[in-house]
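Shown next, in structure tokens, is the structure this report addresses.
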Amino acid sequence: MAAPITLHDVTLGYDGHPAVHHVTGVIEAGALLAVVGPNGAGKSTLIKGLAGLLKPLGGRIEGLAGQRVAYLPQQATLERGFPITVGEFAAMGLWHECGAFGGYSAAQRQRVREALARVGLEGHARQPLDTLSGGQLQRTLFARLMLQDADVLLLDEPFAAIDQRTTDELLALLRQWHAQGKTVLAVLHDLHQVRAAFPRTLMLARELLAWGDTDAVLTPATLGRLQVMPEVFDDHAPVCQAMPAGPGHDHAGHRHAEHLK
């Protein structure tokens, strides 16, 4: 079963330069949480930090030990030219059972076929991955997630550039996983979709702007603040350092120090 995930003053970035500053909060076990914000706000960076692909520049993340985490990257980051079939790609979700070089049993191969059928790709197991449409590729990624059977699912723009029917069907799968007690985080841009399907929302613009019930987060005031936030990651940004909370302050502040060459 999923467990709570706690972020303690977490700063994440690249080559020492912060992209997400001082995020503190708790992702409840079994949450269905949307991560929203402008382009360049650090949403993907936060997801990568939770997935263990980025080590925090500061602070710490607790609660992931002992939980299996599945990560769905943006389609644009995938290498589709590798000679592999749909079935072989989906079967990568079983690596936690048999290892990267282990063979698949008849029962496991049947599970792959069943996962593909559940995402609408029945009969496509032998099709080359590079022949798929964007929607079909996303369905294949969801089949792989299904086979991973993880406690925590981290999805980076899972509905970008796919048709409405595919979006609706894959969103229904997210709801099913949430109903099973899994923790689901998804980076999204469609705020109507967030309001309709995600009870909790984290709004990010390099720094945490709001985190809580979706209706309380997506307000005119918080959405207005997004308009004045920077949109592009600055790879020359100085290193961000935490400062202890001072008198009359409930949380730590931050300051910027010159990056040491």
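Note that this is a predicted model, so its numbers are computed, not measured.
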Does A29 offer a backbone N or O that forms a donor-acceptor pair with the side chain of T183 under 3.5 Å? no

How far apart are the C-alpha atoms of K43 and D156, what are their side-chain angles, what is the distance that settles it, and do they pass the salt bridge (charged side-chain N to carboxylate O under 4.0 Å, His left out) test? CA-CA 8 Å; K43 303 182 299 296; D156 195 352; over 6 Å; no

Answer whether the closest heavy-atom distance between the side chains of L153 and L72 falls below 4.5 Å. no

Find out if a path of hydrophobic residues (ILVMFWY) with successive side-chain heavy-atom gaps under 4.5 Å connects L32 to V26. no

Can a donor-acceptor pair be found between the side chains of Q136 and R139 at a distance below 3.5 Å? no

Heavy-atom side-chain contact between L141 and F89 under 4.5 Å: yes

Answer whether the closest heavy-atom distance between the side chains of L137 and I162 falls below 4.5 Å. no

Only residue of V152, I27, V69, V35 satisfying side-chain contact (heavy atoms from CB on, under 4.5 Å) with L50 is I27

Give a yes or no answer on whether the side chain of T214 reaches the backbone of R195 with a donor-acceptor pair at less than 3.5 Å. no

Under 3.5 Å, is there a donor-acceptor pair between the S44 and Q74 side chains? yes

Kindly indicate whether the side chain of V36, heavy atoms from C-beta on, has any atom under 4.5 Å from the side chain of T201. yes

Check whether the side chains of H189 and E157 place a donor and an acceptor atom closer than 3.5 Å, and report yes or no. yes

Short question: side chain of D151, backbone of R68 - any donor-acceptor pair under 3.5 Å? yes

Taken to the nearest 0.5 Å, the spacing of R111 CZ from D149 CG works out to 8.0 Å

Nearest non-hydrogen partners of Q193 and F198, listed with the distance: O-CD1, 4.1 Å

Would the distance check show the side chain of H178 and the main-chain N or O of G30 forming a donor-acceptor pair, the cut-off being under 3.5 Å? yes

Take L208 and L202 through the test side chain to side chain contact (heavy atoms under 4.5 Å, CB included) and record every step on the way to the result. CA-CA 8 Å; L208 183 62; L202 186 160; 3.7 Å; yes

Between Q176 and Q180, do the side chains contain an N or O donor and an N or O acceptor separated by less than 3.5 Å? no

Side-chain contact, heavy-atom cut-off 4.5 Å: T45 with L12? yes

Check R165 with E169, please: is the shortest side-chain N to carboxylate O separation under 4.0 Å? yes

Please tell me if the side chains of L46 and L185 come closer than 4.5 Å, counting only heavy atoms from C-beta onward. no

Quick check: are there more than 12 heavy atoms from other residues, nucleotides or ligands sitting under 6.0 Å from NZ of K48? no

Any side-chain heavy atom of R118 sitting closer than 4.5 Å to one from L173? yes

Counting C-beta onward and ignoring hydrogens, is there a side-chain heavy-atom pair between F142 and L155 closer than 4.5 Å? yes

Using a 3.5 Å distance criterion without hydrogens, assess whether the side chain of E207 forms a donor-acceptor pair with backbone atoms of H22. no

Can you tell whether the side chains of R200 and D213 come within less than 4.0 Å, N to carboxylate O? yes

